[in-house]
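Numbers restart at 1 for each chain; the letters A, B, ... are given by sequence-line order, proteins then strands.
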There are 2 protein chains.
Amino acid sequence: MNISQAADQSGVSAKAIRYYESIALIQPARRSGNGYRDFGADDVHMLRFIARARGLGFSVAEVADLLALYRDKSRASAQVRGLAANAIGRIEDKIAELRSISTALSELVARCHGDDRPDCPILDDLAGTA
Amino acid sequence: MNISQAADQSGVSAKAIRYYESIALIQPARRSGNGYRDFGADDVHMLRFIARARGLGFSVAEVADLLALYRDKSRASAQVRGLAANAIGRIEDKIAELRSISTALSELVARCHGDDRPDCPILDDLAGTA
DNA sequence: TATAAGGTCTCCCCTTACTGGAAGGTCAAG
DNA sequence: CTTGACCTTCCAGTAAGGGGAGACCTTATA
């Protein structure tokens, strides 16, 4: 099948598929006589794997590791679990950071009357006036 | 003062200061006779404003808006509050997304025994085997 | 005075994970 | 034959700077 069919079936855009090929995350696709990339069910399966992993917050580099582990039938599940745990840690750190920012910002918003008057505690705080 | 002093006092790196100048977020700095940028207390104050706003999750484009509002002494506080509310909304959306990802990943990790055996529900799930 | 160390300048490449677009070849339909 | 929808490659750009090269400038020290 052509790239747009593979894109539709996998949920990975055609652009992204070419990108993944360019960075060697996936093997170069077979080519038809006309030079078009030709994908099979296995390719779509692999792309779906990638799409799910990316959706779960794994970086492309981590996806490469996951794919290697996936192909290596003798891998230890601990390795995969380690990758996942790292991803969770990164995500939780980011959440904590955003949570803290959101709280600080919410406090400022609560103190700002938000009407036509120019007085604004948000700007005052940013300016260090407070 | 030179750029590194301004950087130290404002918490904005020298690189970032030059970058902010290049994108016209701040006015081009005065130059000393030797061509070095020359910063004053006002400049440091402005940089600190920027650093705080960036730290609160405002994008550089939003910081530009905030600076304009800061300079406009007749602005309505509602405008500033609106910017902040948008920022909060964006941050909360991102938190919700990360939260969902983290939960899904944690469930997978919990189901993976994580030892020397090759069997791994994480990979199975990514592969769509489950 | 020579020189070494360190600060500054501009400029360009690198990052993440792609997306968009231009220029040009291919294919099926009318 | 032409139109439109594909496909190809390559270049540019995104956010927000970081890293480093090569060239000046300044200051301290021997």
Side-chain angles (χ1 to χ4, degrees), chain A residues 1-26 28-40 43 46-67 86-87 90-91 93-94 97-98 101, chain B residues 1-26 28-40 43 47 49-67 86-87 90-91 93-94 97-98 101:
Chain A
M1 77 188 82
N2 283 346
I3 197 169
S4 61
Q5 272 76 51
D8 288 346
Q9 291 185 28
S10 67
V12 177
S13 74
K15 278 286 196 184
I17 293 173
R18 295 196 192 96
Y19 171 69
Y20 290 154
E21 190 183 282
S22 80
I23 62 171
L25 178 64
I26 56 178
R30 285 182 308 281
R31 298 297 179 126
S32 305
N34 54 16
Y36 288 11
R37 287 177 182 79
D38 182 27
F39 299 89
D43 299 313
M46 172 96 25
L47 288 171
R48 275 225 271 259
F49 183 104
I50 295 171
R52 292 193 201 202
R54 295 283 300 123
L56 281 174
F58 289 99
S59 70
V60 166
E62 287 170 327
V63 173
D65 292 341
L66 287 171
L67 282 172
N86 281 347
R90 228 189 23 245
I91 292 167
D93 286 353
K94 188 68 184 172
E97 182 193 347
L98 292 177
I101 290 172
Chain B
M1 78 187 80
N2 283 345
I3 197 168
S4 60
Q5 273 75 51
D8 288 346
Q9 291 185 28
S10 66
V12 178
S13 73
K15 277 285 194 184
I17 294 173
R18 295 196 192 96
Y19 171 69
Y20 290 154
E21 189 184 282
S22 79
I23 62 170
L25 179 63
I26 57 178
R30 285 181 309 281
R31 298 296 180 126
S32 306
N34 56 12
Y36 288 12
R37 287 177 182 78
D38 182 28
F39 299 89
D43 299 314
L47 288 170
F49 182 102
I50 294 171
R52 292 192 201 202
R54 295 281 302 124
L56 282 174
F58 288 99
S59 69
V60 166
E62 286 170 328
V63 173
D65 292 341
L66 288 170
L67 282 173
N86 280 347
R90 227 187 26 243
I91 293 167
D93 286 351
K94 188 68 184 173
E97 183 192 347
L98 292 177
I101 289 171

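In this view, Asn86(B) satisfies the side chain to side chain contact (heavy atoms under 4.5 Å, CB included) rule with no residue, not counting sequence neighbours. Residues satisfying the side chain to side chain contact (heavy atoms under 4.5 Å, CB included) criterion with Ser4(A), sequence neighbours excluded, are absent altogether. In this structure Asp8(B) satisfies the side chain to side chain contact (heavy atoms under 4.5 Å, CB included) test with no other residue, sequence neighbours excluded. For Tyr36(A), there are no ring pair (Phe, Tyr, Trp, His ring centres under 6.0 Å) partners two or more places apart in sequence or in a different chain. Looking at residues two or more places apart in sequence or on another chain, you find a side chain to side chain contact (heavy atoms under 4.5 Å, CB included) between Arg18(A) and Ile3(A), Ala14(A), Lys15(A), Arg37(A). A search for ring pair (Phe, Tyr, Trp, His ring centres under 6.0 Å) contacts involving Phe49(B) returns Tyr70(B), not counting sequence neighbours.
Residue Tyr19(A) holds its OH atom at 11.5 Å from CD1 of Ile26(A), rounded to the nearest 0.5 Å.
Note on Ser13(A): a side-chain N or O is less than 4.0 Å away from OP1 or OP2 of dT19(C). Put simply, Asn34(A) has a side-chain N or O that comes within less than 4.0 Å of OP1 or OP2 on dC27(C).
Annotation: salt bridge (Lys or Arg N to Asp or Glu O under 4.0 Å) contacts involving residues 55-65 of chain B, sequence neighbours excluded, comprise Glu62(B)-Arg90(B). Among residues at least two apart or in separate chains, there is no salt bridge (Lys or Arg N to Asp or Glu O under 4.0 Å) pair with a member in residues 47-58 of chain A.
Atom P of nucleotide dA17(C) and atom CD1 of Ile50(A) are separated by 13 Å, given to the nearest angstrom. To the nearest angstrom, P of dC7(D) lies 14 Å from CD of Glu21(A). If you measure from atom CD1 of Ile17(A) to atom C1' of dT9(D), you get 16 Å, rounded to the nearest angstrom.
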List every contact pair, protein side and nucleotides 10-16 of chain D side both N or O, where the distance is under 3.5 Å.
none

* **Protein-to-nucleotide contact annotation, 5' to 3' order, nucleotides 2-9 of chain C [B base; S sugar-phosphate only; - none; under 4.0 Å, heavy atom]** => -----BSS
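Contact annotation: the side chain of Arg30(A) approaches that of Asp43(A) to within less than 4.5 Å [non-hydrogen atoms, C-beta and beyond].
Computed from C1' positions of five pairs at each end, the angle between the two local axes of the helix from dT1(C)-dA30(D) to dG30(C)-dC1(D) equals 30°, rounded to 10 degrees.
Asp38(A) contributes no side-chain N or O that, together with a main-chain N or O of Arg31(A), makes up a donor-acceptor pair within less than 3.5 Å.
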